[in-house]
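For reference, the structure is listed below as structure tokens.
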Number of protein chains: 2
Amino acid sequence: MPPSPARWRERGLQELSLRELAREVGVSHGAPRRHFPDRQALLDALAEAGFARLGAELRRAVDGAGEGFEARLQAAAAAYVRFATRDAALLELMFAGKHREASGKLHEASNRAFAVLLELIEQGQAEGALEPGPPERVGLVLFATIQGIAALVTGGMVRADQLDELVADAIAHFLRGSRAPA
Amino acid sequence: MPPSPARWRERGLQELSLRELAREVGVSHGAPRRHFPDRQALLDALAEAGFARLGAELRRAVDGAGEGFEARLQAAAAAYVRFATRDAALLELMFAGKHREASGKLHEASNRAFAVLLELIEQGQAEGALEPGPPERVGLVLFATIQGIAALVTGGMVRADQLDELVADAIAHFLRGSRAPA
DNA sequence: ACCTGAACACCGTTCAAGT
DNA sequence: ACCTGAACACCGTTCAAGT
């Protein structure tokens, strides 16, 4: 029995088969080659679409969370982790793409998605909740933490229903460590 | 040209081929089946060995860092991230194994490796550097951060030479957030 | 311009047969 | 007990041929 389409979402976009895809669309196995020169090109296109969707979800979360920095940060982190756990295979693909010298268009798509987070960091700095400095650098530990939480969930070390609480804990912990030790 | 064995280490243990492996060892392609019933069994065995090595490296790092909690924590975090970036493909395999209901032996191996970190958390709690509570829970955000940093490096978003500084920053930040707000 | 379908070199897995 | 090698059903990729 071939892996159902749903299996690709939850775990293992790597094992997506071009031939099976073509079969499902009802076209010959050579046809996709006209649109995607090779298998990797298809995966890159999926990753690019993934970044666009991630960016849109982050934007929506931030915009819907009011004006306060902390609420916006919580919302963004929750949205990111939700995306990461719902589409773990896709996120893996998106990161793997960056790793092997992102194809340019892929890199742009990624930058657009992360722009939302950088704006958020800048707001936090303006409000004095985060230390000053280049936003990319200041946000790095924060982003690593969020990404790591997502990894714990997709890795099965944390149950999905503990997710929101863990994210809230992590954000609160992070902000506590960011306050000037005045 | 077949992927060289070195390629498996750095990126993509998933694409390890049983047939190629057998060819390199100079044995027929059916032979490995006697030792590993299927491909996943081989990957599980590799993951199990990976946990054993990770545990040993963590133990060595902690033991070689003196008695102080903070120095030990820094050493353990650095060792973990070093392992994660040097053998990214192996770590991915180790986590993927946990995800699909670890085969028992794999779970045990993982627990042995992480026992080093739990002991460390307990020391931190005893010294008052970390909040009280179940070590598994207290260490979760910390572990997520370390794991996330490793992901940033293997994902190419942070250069390897920035790694040590980033880890030190993250640990310092975390400990600052852990102090009682007295 | 786009699709088809045979062909090639690879897989993992199964299994009868050898020693 | 362990290995061999043919067989089966799958891949990705290439390419001449069709419309």
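Proteins get letters first, then strands, A, B, ... in listed order; numbering begins at 1 in each. Quick caveat: nothing in here was measured; it's all calculated off a predicted structure.
- Leu21(B) has its CG atom 16 Å from the C1' atom of dC3(D), to the nearest Å.
- At whole-Å resolution of the value, CZ in Phe36(A) and P in dC3(C) are 11 Å apart.
- Between dG5(D), dT4(C), dC11(D), one nucleotide has an atom nearer to the side chain of Arg23(A) than all others, and that is dC11(D).
- Heavy-atom contacts from other residues, nucleotides or ligands closer than 6.0 Å to CD of Glu70(B) number 12 or fewer.
- In DNA chain D, runs of at least 3 stacked Watson-Crick or G-U pairs (N1-N3 plus N6-O4 or O6-N4, or N1-O2 plus O6-N3, all under 3.5 Å) give these stems: C:4-8 with D:12-16, C:12-16 with D:4-8.
- We find the CZ-CG distance between Phe36(B) and Asp44(B) to be 10.0 Å, quoted to the nearest 0.5 Å.
- In this structure, NE2 of His35(B) is placed 7 Å from C1' of dC2(D), rounded to the nearest angstrom.
- In this structure the side chain of Leu21(B) reaches within 4.5 angstrom of the side chain of Leu42(B), judged on heavy atoms.
- Side-chain contact of Thr154(B) with Thr85(B): a donor-acceptor pair under 3.5 Å is absent, judged by distance alone.
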(request) Give the B/S/- string for nucleotides 12-19 of chain C, one per nucleotide from 5' to 3', where a protein heavy atom under 4.0 Å of the base yields B, of only the sugar-phosphate yields S, and otherwise -. (result) BBB-----
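- Looking at Ile121(A) and Phe143(A), their side chains never come closer than 4.5 Å, going by heavy atoms from C-beta outward.
- A donor-acceptor pair is defined here as one N or O able to donate and one able to accept, closer than 3.5 Å; no such pair exists between the side chain of Ser110(B) and the backbone of Leu106(B).
- Side-chain contact of Glu119(A) with Gln123(A): a donor-acceptor pair under 3.5 Å is absent, judged by distance alone.
- A donor-acceptor contact closer than 3.5 angstrom links the side chains of Tyr80(B) and Gln147(B).
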